[in-house]
Amino acid sequence: MTAPVLTPDVLVVGAGPAGLTAATALAARVGQVLVLDREATAGGIPRHSDHPGYGIRDLHRFLSGPEYARRLVDRAGAAGVEVRTAATVTDWSGDRSVEVTSPQGRFRVDAGAVVLATGARERPRPARLVPGDRPAGVYTTGALQNLVHLHGGRLGGRAVVVGAELVSWSAVLTLRHAGARTVLMTTTQRHPESYAAFIVPGRAVLRVPVATRTRLTRIVGRGRLTAVEVEDLDTGRRRTVECDTLVLTGDWIPDHELARSAGLEIDRGSRGPVVDTELRTGRPGVFAVGNLVHPVDTADCAALDGRHVADPVRRWLDSPDHWDDAGVAVQVDEPLLWAAPGRFRPGGPTPARGRLLFWCRDEIRSPRLTVRQDGRTLADRRMPWPASPGRIFRAPWSVLSGARADAGPVTVSVR
Amino acid sequence: MNHQPGGAGQPWDVAVIGGGIVGCAIARELSGRELSVVLIEARDDVGDGTSKANTAILHTGFDATPGTLESRLVRRGHELLGDYAARTGIPVERTGALLVAWDAEQLAALPALRDKALHNGYQHCRLVDAAEVYRLEPHLGPGALGGLTVPDESIICTWTTNLALATDAVRRGTRLELGFSVDTVHRDGDVTVLGAAGGATVRARWVVNAAGLGADRVDALFGHHRFTVTPRRGELIVYDKLARPLVQRIVLPVPTARGKGVLVSPTIYGNVMLGPTSENIDDRTATGTTEQGLEFLLGRGRALLPALLDEEVTATYAGLRAATENSDYVVHVDAAQRYLLAGGIRSTGLTAGMAIAEHVRELLAEAGLDAPARTDVPPPPRMPNLGEAFVRPYQDAELIARDPEYGRVVCFCERVTVGEIRDALCSTVPPRTLDGLRRRTRAVNGRCQGFFCSAEVGELLAAGTRGDATGAAR
């Protein structure tokens with residue numbers, strides 16, 4: 001049986017904010033745009049997240065996650081984009097060709113350009129190597145929100161949330177919605193890492209104690225979760241906290257399977273594909289956008305990547321012989337864990353929103369950013385905002401403005 | 001047809017205690033004769049004890065102790081299960097194994113291992129130098145001094161093996177009693193009455209004890225004190241499928257006086273497995289992982305296959321092996337008691353199971369339970385393929401065209417379709433729990449561990465049984 005072949009100008013893999021926004025922007029610039037998503041409903045992660053705060057930077061609105069997702073899907077449809085759901089891209093069959101499984105059959109897509117927008121997820125319990133039993137009742141925020149918001153699940157009882165970043169508070173809200181009381185949040189940091197603006201009302205309204213400098217050391221429960229053991233990192237003292245639900249939050253890993261099976265260069269820190277300022281990967285005609293590249297930024301910033309990629313994609317389709325992927329690498333020193341974009345051409349185009357993005361392991365209240373190339377200092381600046389674990393740390397693109405094209409990688413450090 | 005008891009209150013010809021690989025193989029074997037057979041399992045699924053968490057290797061028996069029952073039955077079992085797997089679709093990949101010596105003591109032990117393999121009737125082992133070791137497995141860490149190849153060692157799906165044997169047994173007429181933990185044993189004339197908590201009983205003329213971790217306890221109910229099962233906990237780490245290119249063979253440690261060590265191996269599902277630890281414990285239900293165990297494995301992994309540590313971990317778990325003070329299998333029949341014990345079966349029982357069943361049938365025949373072979377035995381079942389190296393429904397264009405449910409992927413990481421879950425729920429031995437469904441389909445076993453699909457899979461399961469959807473996430 002020969003599989004049918006679709007031949008859109010652009011294939012976008014992933015119908016979340018980045019993919020849908022890219023497709024909508026591309027529909028106005030090129031011919032046919034096809035978006036594939038393996039989930040039964042388009043919209044991506046915001047669909048799971050039933051609280052307001054979406055769409056600020058891209059749509060200039062203040063929407064709930066599901067409203068935001070619906071609006072992005074509607075805009076793509078209105079722009080003439082074809083969105084196919086329950087369609088899983090399983091393999092590459094060429095540089096810009098993929099194999100797809102869907103209830104409508106197995107088919108192939110041969111596209112002029114491919115935009116990977118496959119997003120990110122939280123590391124589940126095994127990937128975090130948490131020892132102990134394997135009872136039911138242990139979730140990531142995503143699995144919890146999927147269960148509660150999309151499937152109407154109820155929980156009740158006592159919950160412990162690992163993490164104290166934005167997504168962790170989102171988990172607390174979801175737990176409350178599902179009827180569970182969060183009795184403890186833990187963080188290995190000295191301070192809870194989410195925005196101060198959220199912590200104060202969050203603590204006041206939700207009354208959740210946050211144990212800082214604390215790590216999860218064991219999961220207890222045969223069949224159902226009964227307790228967790230946590231350790232104070234400063235004293236080494238361990239204690240048991242009885243609970244019925246455990247939510248592991250944050251600790252993001254991109255869904256990079258397609259990027260890796262394409263053999264694209266992968267950033268060691270983010271584990272996403274390395275892109276340049278035009279979101280181009282090392283493979284001609286293949287682009288990567290959104291939280292696949294920078295796990296994770298807010299949904300609206302991921303969406304703006306989608307808008308940013310449209311012109312480079314059109315340029316590629318207009319002159320497919322031109323794919324100059326040479327450039328200077330951006331490297332980081334700890335506590336920075338990665339930078340995006342990971343590659344740039346000095347004097348070339350600027351990245352999405354004119355920002356260089358980082359992930360920082362530690363809390364730095366008043367960070368001083370230093371950029372060096374071949375021993376030469378390009379920038380040495382005190383940043384007016386903190387670097388916090390659990391969210392993107394941004395720097396203006398101008399910090400790289402002195403870089404030379406004929407020199408080695410630039411290295412960014414922060415202290 | 002004589003494979004059901006004659007009427008209410010009539011005893012079964014044979015009760016087999018234990019629904020692991022060995023018990024299911026025995027029930028299948030005996031229900032191929034003119035006998036009525038009941039298979040009793042304490043848990044709520046077959047293959048939910050030691051059989052579910054072994055290292056899933058189809059052994060040649062090259063390293064067994066020559067002359068033992070284990071050596072003979074593993075060799076015979078390798079042949080029987082290899083043939084049965086081909087007929088039923090149990091996935092098997094003949095990856096071969098490579099024992100790697102990392103110090104002088106291990107290197108010196110290799111020739112004796114090759115000779116031992118010859119004594120066990122296996123002739124294809126080959127001694128190789130360090131250069132050949134690295135040619136075969138280029139990603140191994142530095143320091144290998146030499147190796148021994150075992151080209152016929154294979155990886156196999158232990159879950160499908162157990163289910164195929166159970167399915168076959170049930171289709172042959174075996175009655176499967178789940179959730180029946182044998183607490184009492186007494187004689188009523190020629191009949192043995194097995195009692196469970198709550199008062200349920202099973203009456204049988206003959207009893208076979210294949211209770212794995214509980215075999216010594218059941219043996220004691222029959223008045224014997226022949227051995228003690230010491231659960232040996234083995235913790236394992238399963239790495240992401242993206243790690244699969246790092247290792248092509250089962251890379252085995254060289255056993256020395258200081259223990260057996262840790263192996264790294266591809267799995268039949270396309271992952272890479274690192275383990276097991278080996279720790280004797282008291283608690284027969286302690287299948288949790290430990291901080292020390294995981295740290296130990298990471299340390300070994302860093303030395304064996306350094307690039308593995310850069311890959312994501314998909315699962316960690318611990319299995320319990322039924323270690324006893326005996327170095328060999330303990331298979332004894334007591335003709336007066338009409339009772340047979342198949343105990344002390346270690347992880348090699350996966351390979352040897354069908355040969356153990358054959359041996360058990362012969363022992364029972366000698367002891368007086370001789371029944372002619374049935375002429376109406378149904379053909380063996382065709383099992384759904386869980387093997388990554390073979391075509392799965394999501395890849396089968398014709399199958400999807402016939403039934404779109406095979407094109408509806410519900411578990412993205414493992415690419416399990418709604419069609420496969422539906423099939424499992426209406427199979428001969430259906431799952432009652434999410435764990436049962438995982439072992440039949442791979443659903444929820446992947447890298448996201450249910451981030452996307454646990455709720456939906458839970459709903460499908462609840463619709464198919466009366467499960468609990470919130471039990472889905474692990």
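Throughout, protein chains are lettered first and strands after them, A, B, ... in sequence-line order, and every chain is numbered starting at 1.
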Plane angle bin for His149(A) and His177(A) - parallel if under 30°, tilted between 30 and 60°, otherwise perpendicular
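Correct class here is tilted.
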Under 4.5 Å from a heavy atom of chain A, the part of [X] involved:
{"X": "Ala318(B)", "answer": "neither"}
{"X": "Arg408(B)", "answer": "both"}
{"X": "Glu456(B)", "answer": "both"}

Which answer fits [X], side chain, backbone, both or neither, if we ask what part of it has an atom under 4.5 Å from a heavy atom of chain B?
{"X": "Gln145(A)", "answer": "neither"}
{"X": "Arg128(A)", "answer": "neither"}
{"X": "Val130(A)", "answer": "backbone"}
{"X": "Arg260(A)", "answer": "side chain"}
{"X": "Thr140(A)", "answer": "side chain"}
{"X": "Ile219(A)", "answer": "neither"}
{"X": "Ile266(A)", "answer": "neither"}

Lys/Arg-Asp/Glu bridge criterion (N-O < 4.0 Å) met for Glu312(B), Arg123(A)
yes
If the threshold is 4.0 Å, N to carboxylate O, is there a salt bridge linking Asp396(B) and Arg106(A)?
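Salt bridge absent between Asp396(B) and Arg106(A).
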For chain A, which of Ile237(B), Val238(B), Asp240(B), Leu294(B) has the most heavy-atom pairs under 4.5 Å?
Leu294(B)
Going by distance alone, is a donor N or O of one side chain under 3.5 Å from an acceptor N or O of the other, for Glu235(B) and Thr290(B)?
yes
